[in-house]
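Worksheet: one structure, shown below.
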Amino acid sequence: MGDRAAVVWDSSLLGYDLGGEHPFNPIRLELTMRLASALGVLDGVELRVPEPATESDLERVHELGYVRAVQQAPTVAWDVGHGLGTDDNPVFDRMHAASALVVGGSLLGAREIASGAADRAVSIAGGLHHAMRDRAAGFCVYNDCAVAISWLLDNGFDRIAYLDVDVHHGDGVQAAFYDDPRVLTVSLHQNPATLWPGTGFVNELGGREAMGSSVNIPLPPHTRDPAWLRVFNAVVPSLLSAFRPQILVTQCGVDTHEEDPLADLSLSVDGHREIYRTLRGLADRYAGGKWLATGGGGYQLLRVVPRSWSHLIATVLDRDVAPETRVPADWTATVRKIAPHADLPTTMSDGRDTAFDPWGGGLDRPVDAVIRDVRRAVFPLHGLDPDDPRD
């Protein structure tokens with residue numbers, strides 16, 4: 001698969017920098033690419049270099065007035081509105097160009113797949129899933145996931161499944177396609193009663209013409225790998241089997257990790273690795289092998305994001321990194337220059353067991369109530385039996 005998979009990257013993507021002490025620090029991208037390189041994951045891989053998305057690309061999901069506000073924000077002295085200039089979304093120099101380049105990265109991945117040049121593509125700089133039609137939100141200026149999906153809908157795809165495993169609800173992508181039955185949006189996230197943005201409840205099912213096309217799986221705080229995987233496997237494969245997507249688009253935020261400072265799920269790097277392997281298997285089984293993967297959230301910049309996303313890149317390339325693999329000494333030395341006293345990992349694993357018991361139809365585990373509620377809300381809309389574990 002290595003020559004049939006595209007890795008989208010250029011150091012210019014580091015320009016999406018919200019500045020200062022903002023948690024969305026582009027160092028996480030640089031350290032990921034350095035680690036993937038040091039591990040040999042990128043040996044012989046020709047990186048695909050993106051161009052900025054055009055205004056017409058952005059207008060697929062954003063109002064022109066909002067795009068104009070982003071373009072003008074760094075040079076105007078008054079409140080530009082649209083969610084810009086807040087603590088979450090501070091105005092920064094060349095904000096439009098940097099944000100459009102992130103969208104261009106995800107678009108390039110989509111185009112590589114649509115053209116047949118690749119079956120899979122990954123852009124770790126993407127995954128800005130909170131941006132709305134006319135406003136920035138949650139560190140996201142433009143919604144690259146939604147733009148890429150919209151472009152795919154106009155270029156040979158009419159059944160697209162979007163899977164979002166970030167700790168936060170994929171609200172911007174859900175909003176963009178809430179009334180479009182061609183796009184199945186599935187978001188697994190920390191229960192929105194306990195975490196921003198406060199949306200993503202089970203009863204958000206899609207608009208009247210698209211009931212069942214929006215699927216939300218809210219997980220209790222402190223959910224660990226086995227419980228997360230139990231829920232995912234009790235819901236998602238059956239829906240993909242019924243929906244029959246032509247491509248999977250995934251947002252692979254790693255702020256689900258137990259060390260992430262902004263949320264309260266308790267996954268591990270081992271869990272993330274298993275999630276990516278599961279996504280790859282689902283793409284192969286249900287979507288003709290076509291898989292566009294993006295990054296997303298993740299705010300443990302040194303210990304978590306580089307390892308987890310190196311596993312993601314490796315999984316896309318079919319160059320899986322064994323959990324017991326040692327973290328290369330030259331990478332560690334690089335990080336030590338930035339953070340001399342940081343507690344750095346020594347292997348590509350957190351030493352966690354990700355094995356889980358498949359759901360059997362009952363309420364044996366705390367998360368089984370989530371499984372029951374989601375299946376009962378969504379499965380009948382897809383012709384599936386919510387109480388039969390074979391479905």
Side-chain angles (χ1 to χ4, degrees), residues 5-18 24 26 28-30 32-33 42 45-64 66-74 84 89 92-118 120-133 136-157 160 162 170 172-173 176 247 249-253 290-297 309 312-313 316:
V7 178
V8 177
W9 176 253
D10 187 72
S11 60
S12 57
L13 288 160
L14 299 172
Y16 191 88
D17 186 351
L18 300 174
F24 202 84
R28 66 206 189 114
L29 302 177
E30 181 178 0
T32 296
M33 296 305 291
L42 296 173
V45 175
E46 182 180 347
L47 300 176
R48 308 311 209 270
V49 177
E51 298 286 335
T54 65
E55 282 188 7
S56 60
D57 293 327
L58 298 172
E59 283 185 80
R60 289 180 170 278
V61 300
H62 295 295
E63 292 180 1
L64 181 58
Y66 171 58
V67 175
R68 291 279 183 263
V70 174
Q71 291 169 331
Q72 296 165 8
L84 299 168
N89 304 287
F92 61 97
D93 188 41
R94 300 188 71 252
M95 181 166 64
H96 167 76
S99 304
L101 188 63
V102 172
V103 178
S106 296
L107 269 175
L108 176 55
R111 288 172 172 143
E112 291 283 297
I113 295 170
S115 71
R120 304 177 192 153
V122 56
S123 179
I124 59 167
L128 306 184
H129 60 164
H130 295 307
M132 294 293 181
R133 184 163 190 81
F139 315 159
C140 305
V141 177
Y142 296 140
N143 196 317
D144 61 288
C145 303
V147 172
I149 291 169
S150 172
W151 184 89
L152 287 165
L153 287 171
D154 286 345
N155 287 274
F157 296 84
I160 298 172
Y162 170 76
V173 182
I247 186 172
V249 178
T250 65
Q251 199 272 16
C252 298
K290 300 196 182 316
W291 177 25
L292 172 60
T294 67
W309 281 350
L312 174 61
I313 296 167
V316 170

Mind listing the closest non-hydrogen atom pair of [X] and [Y] along with its distance?
| X | Y | result |
| --- | --- | --- |
| Leu101 | Pro52 | CD1-N, 3.7 Å |
| Leu58 | Val103 | CD2-CG2, 3.9 Å |
| Lys290 | Ile113 | CD-CG2, 3.8 Å |
| Leu107 | Ala53 | CD1-CB, 4.1 Å |
| Gly15 | Ala98 | O-CB, 3.5 Å |

Run the side chain to side chain contact (heavy atoms under 4.5 Å, CB included) test against [X] and tell me which residues pass, sequence neighbours left out.
| X | result |
| --- | --- |
| Ala148 | Ser106, Ala110, Leu292 |
| Glu30 | Leu14, Ile27, Arg34 |
| Gln71 | Glu55, Val67, Arg68, His96 |

> salt bridge (Lys or Arg N to Asp or Glu O under 4.0 Å): which pairs involve residues 97-108, sequence neighbours left out?
Replying inline: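 For residues 97-108: none.
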> Which residue pairs pass the salt bridge (Lys or Arg N to Asp or Glu O under 4.0 Å) test when at least one of the two sits in residues 142-156, sequence neighbours left out?
Replying inline: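 Listed once each, the pairs are Arg60-Asp154.
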> With sequence neighbours excluded, what pairs up with Asp57 under the salt bridge (charged side-chain N to carboxylate O under 4.0 Å, His left out) test?
Replying inline: Arg111
> With sequence neighbours excluded, what pairs up with Arg28 under the salt bridge (charged side-chain N to carboxylate O under 4.0 Å, His left out) test?
Replying inline: none
Test of understanding: with side-chain hydrogen bond (donor to acceptor under 3.5 Å, both in side chains), list the residues that count as partners of [X], not counting sequence neighbours.
| X | value |
| --- | --- |
| Arg94 | none |
| Ser56 | Thr54 |
| Thr250 | Trp291 |
| Trp309 | none |

> Does the side-chain contact (heavy atoms from CB on, under 4.5 Å) test come out yes or no for Val173 and Gln251, once each step is laid out?
Replying inline: CA-CA 10 Å; Val173 182; Gln251 199 272 16; over 6 Å; no
Okay, side chain of [X], backbone of [Y]: is any donor-acceptor separation there less than 3.5 Å?
| X | Y | result |
| --- | --- | --- |
| Asn89 | Cys140 | yes |
| Gln72 | Pro74 | no |
| Tyr66 | Ala136 | yes |

>> With side-chain contact (heavy atoms from CB on, under 4.5 Å) as the criterion, how do Leu84 and Met95 come out once you've worked through the C-alpha distance, each side chain's angles and the decisive distance to 0.1 Å?
In response: CA-CA 10 Å; Leu84 299 168; Met95 181 166 64; 4.0 Å; yes
Hey, does [Y] have a side-chain heavy atom less than 4.5 Å from the side chain of [X]?
| X | Y | result |
| --- | --- | --- |
| Leu128 | Asn143 | no |
| Tyr16 | Pro26 | no |
| Tyr142 | Val70 | yes |
| Glu112 | Arg48 | yes |
| Cys252 | Thr294 | no |
| Thr32 | Ile313 | yes |
| Leu312 | Val122 | yes |
| Cys145 | Tyr162 | yes |

> Less than 6.0 Å separating the ring centroids of Phe139 and His130?
Replying inline: no
Rounded to the nearest 0.5 Å, what separation is found between the [atom1] atom of [X] and the [atom2] atom of [Y]?
| X | Y | atom1 | atom2 | answer |
| --- | --- | --- | --- | --- |
| Ser150 | His62 | OG | NE2 | 10.5 Å |
| Phe24 | Leu29 | CZ | CG | 7.0 Å |
| Leu47 | Leu42 | CG | CG | 6.0 Å |

> Can you name the residues that form a ring pair (Phe, Tyr, Trp, His ring centres under 6.0 Å) with Phe157, not counting sequence neighbours?
Replying inline: none
>> Using side-chain contact (heavy atoms from CB on, under 4.5 Å), reason through Val8 and Ile124 one step at a time and then give a plain yes or no.
In response: CA-CA 8 Å; Val8 177; Ile124 59 167; over 6 Å; no
